[in-house]
Participant: 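Below you'll find the structure I mean.
The figures here come from the full heavy-atom set of this structure, side chains too, leaving out hydrogens, waters and symmetry mates. As the structure lists them, so they are numbered: ligands from 1, and atoms in each ligand from 1.
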Amino acid sequence: MLRFENKVVIVTGGTRGIGLETVRAFCEQGAHVILFGSKRETVLNALQILKNENKVAQGYCPNLSDFEEVANTIKRIYADYGRVDILINNAGISASKRIEETTVSDFENIMDINVKAIFNTSKAVVPYMKKQHAGVILNTSSMVSIYGQPSGAIYPASKCAVNGITKSLARELAPFNIRVNAVAPGIINTDMVSSLPKEMIEPLVKTIPLGRIGEPRDIANAFLFLASDMASYITGVILSVDGAARN
Ligand code: NAD
């Protein structure tokens with residue numbers, strides 16, 4: 001039931017971290033995976049990593065905050081494969097600056113990648129999914145959309161918006177057999193976390209009841225489940241994958 005033979009899956013931010021692991025997971029289950037990254041070099045690097053693991057994927061680097069670029073890329077994918085089954089909106093940027101240090105351009109960058117990009121990719125795939133009368137859109141939220149965080153208000157705000165898009169599109173698109181869900185990761189072992197100060201991470205890890213930070217595969221597995229037919233009656237859900245962490 002978790003196999004995805006010939007399914008066409010797009011993963012944004014698929015060049016590293018949770019996104020690259022998600023690309024791996026879907027490749028292993030037989031899907032045609034197309035990853036999006038921010039730069040040509042990082043896309044090529046990710047494709048080489050996958051090739052070294054005997055996995056085949058395709059890659060593009062549309063500017064996710066530019067609707068025309070995103071729509072043209074998705075049009076091309078649809079022309080190549082004749083369908084788009086699963087869209088995984090994973091690209092995201094974080095910030096933990098205090099409000100006085102957060103600039104207007106920080107605010108705009110975070111909203112562009114974490115929120116506007118999801119609007120753009122979803123708007124671009126929905127006509128194809130409606131035509132197929134089938135599709136799955138999965139978004140990446142965060143634990144902090146539920147609990148907030150002590151410093152860096154814009155990132156949780158952006159992830160609250162992700163939850164809003166998820167729940168609303170789930171209701172709007174259910175009549176077309178398109179399911180929309182989100183995964184809300186806790187603290188996951190990726191560059192995003194290793195770039196945060198140790199003083200911020202170590203005390204958080206001590207509070208995680210499962211006693212460890214999460215691995216990218218923990219999130220990829222949740223995406224596999226939510227994208228699969230096993231989740232065919234699940235839509236509009238924000239699934240916490242956080243070891244019961246509460247920050
Ligand atoms: P990461 O920094 O390792 O990877 C982020 C990905 O987003 C990269 O592939 C990068 O290319 C892409 N990206 C960043 N800016 C982009 C841009 N301008 N245009 C296109 N792509 C861009 O991060 P990660 O930890 O793997 O995070 C993936 C997702 O999970 C993000 O949405 C993040 O908010 C969310 N998340 C992560 C954690 C965590 O602890 N790591 C926790 C909660 C939520």
Participant: Can you find a pair of side-chain heavy atoms, one from E172 and one from V126, that are under 4.5 Å apart?
Facilitator: no
Participant: The criterion is salt bridge (Lys or Arg N to Asp or Glu O under 4.0 Å); which residues satisfy it with E41, sequence neighbours excluded?
Facilitator: none
Participant: Should the pair K55-E53 be classified as a salt bridge under the 4.0 Å nitrogen-to-oxygen rule?
Facilitator: yes
Participant: Would you find a donor on one side and an acceptor on the other, under 3.5 Å apart, between the side chain of S122 and the backbone of F119?
Facilitator: no
Participant: Provide the full list of ring pair (Phe, Tyr, Trp, His ring centres under 6.0 Å) pairs with a residue in residues 160-196, sequence neighbours left out, each pair given once.
Facilitator: none
Participant: List the protein residues in contact with ligand 1, where contact means a heavy-atom separation under 4.0 angstrom.
Facilitator: G13, G14, T15, R16, G17, I18, S38, L64, N90, A91, G92, I93, I113, T140, S141, S142, Y155, K159, P185, G186, I187, I188, T190, D191, M192, V193
Participant: For K97, enumerate each residue passing the salt bridge (Lys or Arg N to Asp or Glu O under 4.0 Å) test, keeping only those at least two apart in sequence or located in another chain.
Facilitator: D106
